[in-house]
Amino acid sequence: MTIDIGSPLLLLGRGADPASERGVSCPGDLPPASDPALVERAHAAKAALGERLFVLGHHYQRDEVIQFADVTGDSFKLAQEAAARPQAPYVVFCGVHFMAESADILTGADQRVVLPDLAAGCSMADMATYDQVEECWEVLEDAGIADDVVPITYMNSSADIKAFVGRHGGTVCTSSNARRALEWAFSKGSKVLFLPDQHLGRNTAVLEMGLGLDDCVVYNPHRPDGGLAADELRAATMILWRGHCSVHGRFSKESVDDVRARIPGVNVLVHPECRHEVVKEADHIGSTEYIIRMLDQAPAGSAWAVGTELNLVKRLADRHPDKTIVFLDKTVCFCSTMNRIDLPHLVWSLESLARGEVVNQITVDEETARYARAALDQMLALP
Ligand code: SF4
């Protein structure tokens with residue numbers, strides 16, 4: 001049976017790619033989700049592959065998938081874990097496309113990185129395409145400020161955007177080291193172009209670096225010159241790309257007010273990809289790994305409302321039955337692209353590998369990989 005996913009989905013760094021990201025088909029037999037033997041088949045394929053296989057699982061993955069991960073983590077930790085396993089020729093990345101690209105950049109030439117469903121992209125990463133960022137840089141040149149600008153891209157961006165940043169002497173950052181990346185950038189230049197998540201950029205600049213909201217402008221790639229006059233660009237310290245995470249961007253100040261009214265004494269814990277108005281109201285702000293640590297260390301009986309992806313919040317609530325852990329919003333919100341990786345796709349990719357057939361391999365061309373690696377290396381060298 002050939003499954004045609006069909007829906008018009010994702011743009012990557014170079015724009016629409018009908019061959020890989022839209023209307024994705026799985027060659028061969030994709031098992032039906034109702035197959036009661038799926039769990040057994042996944043175990044059997046893993047056992048057959050043995051040491052040749054390394055399965056990575058992002059924290060936002062479904063339970064049915066994460067149970068087969070050899071290691072779980074956030075995007076950067078997983079890419080590093082893949083690089084630390086050179087003996088595994090097959091790395092199956094249960095996450096989204098930009099993560100698999102980073103794994104391909106950091107792993108050896110003889111390792112193959114597989115994404116079980118090519119439609120697992122990231123709406124935030126798709127909000128900054130290579131051509132748009134090139135055009136933005138020309139706008140900065142025309143305003144006479146490009147030499148003063150250090151570009152930083154969040155890990156959640158395509159390899160093309162990381163390579164752009166590497167070519168222009170910038171760095172990658174994660175939600176754990178964004179402040180250190182900004183401090184480093186401001187030691188090299190007087191302005192930062194922050195891609196693609198405006199919220200992480202703004203929250204870090206204002207709440208951790210002491211900049212004002214007036215020091216930030218938002219560059220909108222869908223408007224001529226980003227919707228900004230040259231004088232506005234010259235006056236700004238932070239030039240924020242108009243991108244956001246469709247999951248974390250959903251939380252609102254009302255979600256916080258509401259949960260405080262419902263659960264007296266609740267601790268509000270949110271990811272810095274949330275909007276500024278939400279982060280300002282929260283008690284604790286931090287990366288996915290920070291959120292996990294906070295809840296692991298929280299005292300029994302404490303209450304937490306967590307503003308991050310729902311699969312992770314549910315898992316943490318199950319892991320800590322002695323604490324009250326609720327999702328910050330009233331409506332359900334999974335990351336729909338993360339959820340594309342399901343058990344049928346995992347079984348299909350593992351069984352294909354066990355037959356010696358490499359499916360859905362993610363590759364980054366050598367030149368892009370070289371510059372992207374330069375930006376990633378700069379991140380690792382941050383003081
Ligand atoms: S949670 Fe947000 S940033 Fe992460 S993969 Fe999903 S859309 Fe992208």
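Counting convention: from 1, in listed order, for ligands and their atoms alike. Remember, predicted model here, so these are calculated numbers, not experimental data.
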Among protein heavy atoms, which lies nearest [atom], and at what distance?
{"atom": "atom 7 (S) of ligand 1", "answer": "Ser123 OG, 3.5 Å"}
{"atom": "atom 6 (Fe) of ligand 1", "answer": "Cys335 SG, 2.3 Å"}
{"atom": "atom 8 (Fe) of ligand 1", "answer": "Cys122 SG, 2.4 Å"}

* Does some side-chain heavy atom of Asp342 sit less than 4.5 Å from a side-chain heavy atom of Arg62? ->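 Arg62 vs Asp342: side chains touch.
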
Should the pair [X]-[Y] be classified as a salt bridge under the 4.0 Å nitrogen-to-oxygen rule?
{"X": "Arg202", "Y": "Asp215", "result": "no"}
{"X": "Arg112", "Y": "Asp104", "result": "no"}
{"X": "Lys314", "Y": "Asp63", "result": "no"}
{"X": "Glu81", "Y": "Arg85", "result": "no"}

* For Tyr371, is the NZ or CZ atom of Arg167 found under 6.0 angstrom from the centre of its six-membered ring and inside 45 degrees of the ring axis? ->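 Flagged: Arg167 positioned over aromatic ring of Tyr371.
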
* **Contact flag His248/atom 2 (Fe) of ligand 1, N/O/S atoms, threshold under 2.8 Å** =>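 No, since none of the N, O or S atoms of His248 sits under 2.8 Å from atom 2 (Fe) of ligand 1.
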
Closest candidate by heavy atom, reference [atom], pool [options]:
{"atom": "atom 1 (S) of ligand 1", "options": "Tyr60, Tyr154, Phe334", "answer": "Tyr60"}
{"atom": "atom 2 (Fe) of ligand 1", "options": "Cys245, Ser175, Ser157", "answer": "Cys245"}
{"atom": "atom 3 (S) of ligand 1", "options": "Asp197, Asn156, Val247", "answer": "Asn156"}

